[in-house]
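First the structure, in the form of structure tokens, and then the observations on it.
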Amino acid sequence: MLIKSDRPTHDIPPLRDPDHNFNLAYEGTEKSEILNKYFCSISNINDANKDLPEFDDRLLLKLILLFTVQINTSSEWNMVFKIATGGSGGIYDLYTNSQTQNIDDPEARLFTPTSKHFKSEIINKWSTVGIEQVKVVIYKNGVEKAFFNFDGMGSTSTNWFKLDKLLSSSYSDLKGADTGKIGFYFDLRGLEDTKNVNYRRFYVNGAWDTSGHCLDSGWLMVSDVLSTGDCQYETNHLSRKPFILFSPYATQIAFGKANMDEILADSLAIFVKCKYELNIIKCCL
């Protein structure tokens with residue numbers, strides 16, 4: 001069989017691994033082993049009583065399924081991470097370590113109230129899967145309430161969450177925000193205040209209230225499990241750490257003046273668009 005391509009060939013795209021719940025394999029050695037096993041499984045070369053396999057339409061279909069090449073259109077997003085208010089464990093540690101979480105649990109993929117986080121292997125393979133865009137979505141009662149859309153080209157798993165990479169957002173005042181104000185943040189790792197024991201992740205904050213009345217103004221924060229909180233808008237929810245606070249309006253909000261239930265989100269989800277170079281264009285037998 002001669003495999004042709006209308007474009008220069010590059011790396012073989014990610015393959016589904018039948019031996020590991022059909023998770024995507026990215027490394028060259030992993031992909032070669034999958035292909036080896038597959039072609040060995042259909043080979044009759046050592047059996048004199050059998051003809052060599054014919055590469056018919058059914059085999060072509062198997063090859064298409066095996067390669068699982070994903071060419072995403074503008075409407076296709078893949079969820080790679082989800083934080084659930086009240087979930088177990090530290091958010092930043094989960095995001096940055098090499099472990100996955102709940103990848104085979106359908107409940108973890110829900111945006112209605114649930115205590116299960118989700119992390120895909122894509123986070124650990126970020127720089128190898130051709131990420132083009134990243135989207136953060138805030139959900140409450142299963143409904144999208146806010147979003148941030150980022151340029152993901154050439155990014156790492158931690159440096160895409162920046163104001164200068166923001167393409168669009170549901171917040172009309174975010175792109176023109178005054179970044180020189182005291183307490184302005186736009187950072188995934190966020191605030192790590194060991195003195196006051198505050199750990200605010202995915203922190204998008206406009207300004208701190210320097211008067212000491214906890215009227216900090218911002219758009220988003222995730223209070224991580226080690227936080228003790230020094231403002232009422234945080235201490236009210238400490239029993240549900242980690243928890244997500246957000247502005248439910250089209251602009252930033254003074255968290256200290258807001259309705260405590262209204263600003264509490266159920267989940268924060270990260271979606272990506274990936275572009276895989278298609279190596280196999282057509283098969284000529």
Side-chain angles (χ1 to χ4, degrees), residues 81-95 111-115 117 136-148 161-163 166 169-270:
F81 192 75
K82 192 200 81 173
I83 301 168
T85 286
S88 176
I91 290 307
Y92 187 71
D93 287 345
L94 174 61
Y95 187 84
F111 305 125
T112 50
T114 174
S115 60
H117 304 312
V136 174
V137 182
I138 311 302
Y139 293 93
K140 190 175 182 70
N141 296 321
V143 178
E144 178 180 319
K145 292 295 185 180
F147 74 87
F148 307 79
F161 194 79
K162 300 289 183 183
L163 182 58
L166 186 69
S169 173
S170 57
Y171 295 116
S172 60
D173 61 341
L174 187 50
K175 277 198 167 185
D178 184 354
T179 61
K181 287 186 177 181
I182 298 175
F184 179 87
Y185 266 82
F186 202 122
D187 195 72
L188 189 153
R189 185 171 184 171
L191 171 69
E192 293 189 346
D193 180 359
T194 55
K195 179 180 179 180
N196 297 303
V197 198
N198 281 325
Y199 295 85
R200 299 170 181 173
R201 313 300 189 184
F202 294 92
Y203 195 27
V204 187
N205 197 62
W208 287 334
D209 174 24
T210 56
S211 70
H213 293 93
C214 287
L215 300 179
D216 302 339
S217 180
W219 298 269
L220 175 66
M221 61 170 284
V222 180
S223 187
D224 216 338
V225 290
L226 293 178
S227 292
T228 59
D230 59 352
C231 286
Q232 189 175 5
Y233 66 79
E234 287 179 281
T235 56
N236 280 356
H237 302 292
L238 288 180
S239 63
R240 304 194 65 186
K241 292 186 299 184
F243 58 84
I244 306 154
L245 300 183
F246 77 109
S247 170
Y249 307 112
T251 58
Q252 62 185 295
I253 190 173
F255 286 113
K257 291 182 177 180
N259 178 288
M260 291 296 100
D261 291 329
E262 190 177 22
I263 63 174
L264 181 67
D266 296 321
S267 58
L268 177 156
I270 299 175

Are any side-chain N or O atoms of [X] and backbone N or O atoms of [Y], one a donor and one an acceptor, separated by less than 3.5 Å?
X: Asn205; Y: Gly183; value: yes
X: Ser227; Y: Tyr199; value: yes
X: Ser115; Y: Gly86; value: no
X: Thr85; Y: Ile244; value: yes
X: Asp266; Y: Asn141; value: yes

To the nearest 0.5 Å, what is the distance between [atom1] on [X] and [atom2] on [Y]?
X: Phe202; Y: Tyr185; atom1: CZ; atom2: OH; result: 15.5 Å
X: Leu268; Y: Lys82; atom1: CG; atom2: NZ; result: 10.5 Å
X: Tyr95; Y: Leu188; atom1: OH; atom2: CG; result: 5.5 Å
X: Phe184; Y: Trp208; atom1: CZ; atom2: CH2; result: 12.0 Å
X: Trp219; Y: Ile253; atom1: CH2; atom2: CD1; result: 12.0 Å
X: Glu144; Y: Phe111; atom1: CD; atom2: CZ; result: 9.5 Å

Which residues pass the side-chain hydrogen bond (donor to acceptor under 3.5 Å, both in side chains) test with Thr179, sequence neighbours left out?
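side-chain hydrogen bond (donor to acceptor under 3.5 Å, both in side chains) check on Thr179 returns nothing, list empty.
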Side chain to side chain contact (heavy atoms under 4.5 Å, CB included) evaluation trace for Leu191 with Met221:
CA-CA 10 Å; Leu191 171 69; Met221 61 170 284; over 6 Å; no
Assess whether side chain to side chain contact (heavy atoms under 4.5 Å, CB included) is satisfied between Asn198 and Tyr203, documenting all intermediate values.
CA-CA 12 Å; Asn198 281 325; Tyr203 195 27; over 6 Å; no
So, for [X] and [Y], which heavy atoms are closest and what is the spacing to 0.1 Å?
X: Tyr233; Y: Leu245; result: O-CD1, 3.5 Å
X: Gly218; Y: Ser247; result: O-CB, 4.0 Å
X: His213; Y: Ser211; result: ND1-OG, 2.7 Å
X: Asp209; Y: Asp216; result: N-OD1, 2.8 Å
X: Phe148; Y: Leu166; result: CB-CD1, 4.0 Å
X: Gln252; Y: Gly206; result: OE1-CA, 3.7 Å

Val136 side chain near Phe161 side chain, heavy-atom distance below 4.5 Å:
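They are in side-chain contact.
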Those residues that, when tested against Arg189, pass salt bridge (Lys or Arg N to Asp or Glu O under 4.0 Å) (two or more places apart):
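Per chain and number, Arg189 pairs via salt bridge (Lys or Arg N to Asp or Glu O under 4.0 Å) with Glu192.
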Quick one: salt bridge (Lys or Arg N to Asp or Glu O under 4.0 Å) partners of Lys145, sequence neighbours excluded?
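Applying salt bridge (Lys or Arg N to Asp or Glu O under 4.0 Å) to Lys145 gives none.
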Which pairs count as salt bridge (Lys or Arg N to Asp or Glu O under 4.0 Å) when at least one residue sits in [range], sequence neighbours excluded?
range: residues 245-265; value: none
range: residues 224-239; value: Arg200-Asp230, Arg200-Glu234, Arg201-Asp224
range: residues 170-187; value: Lys162-Asp187

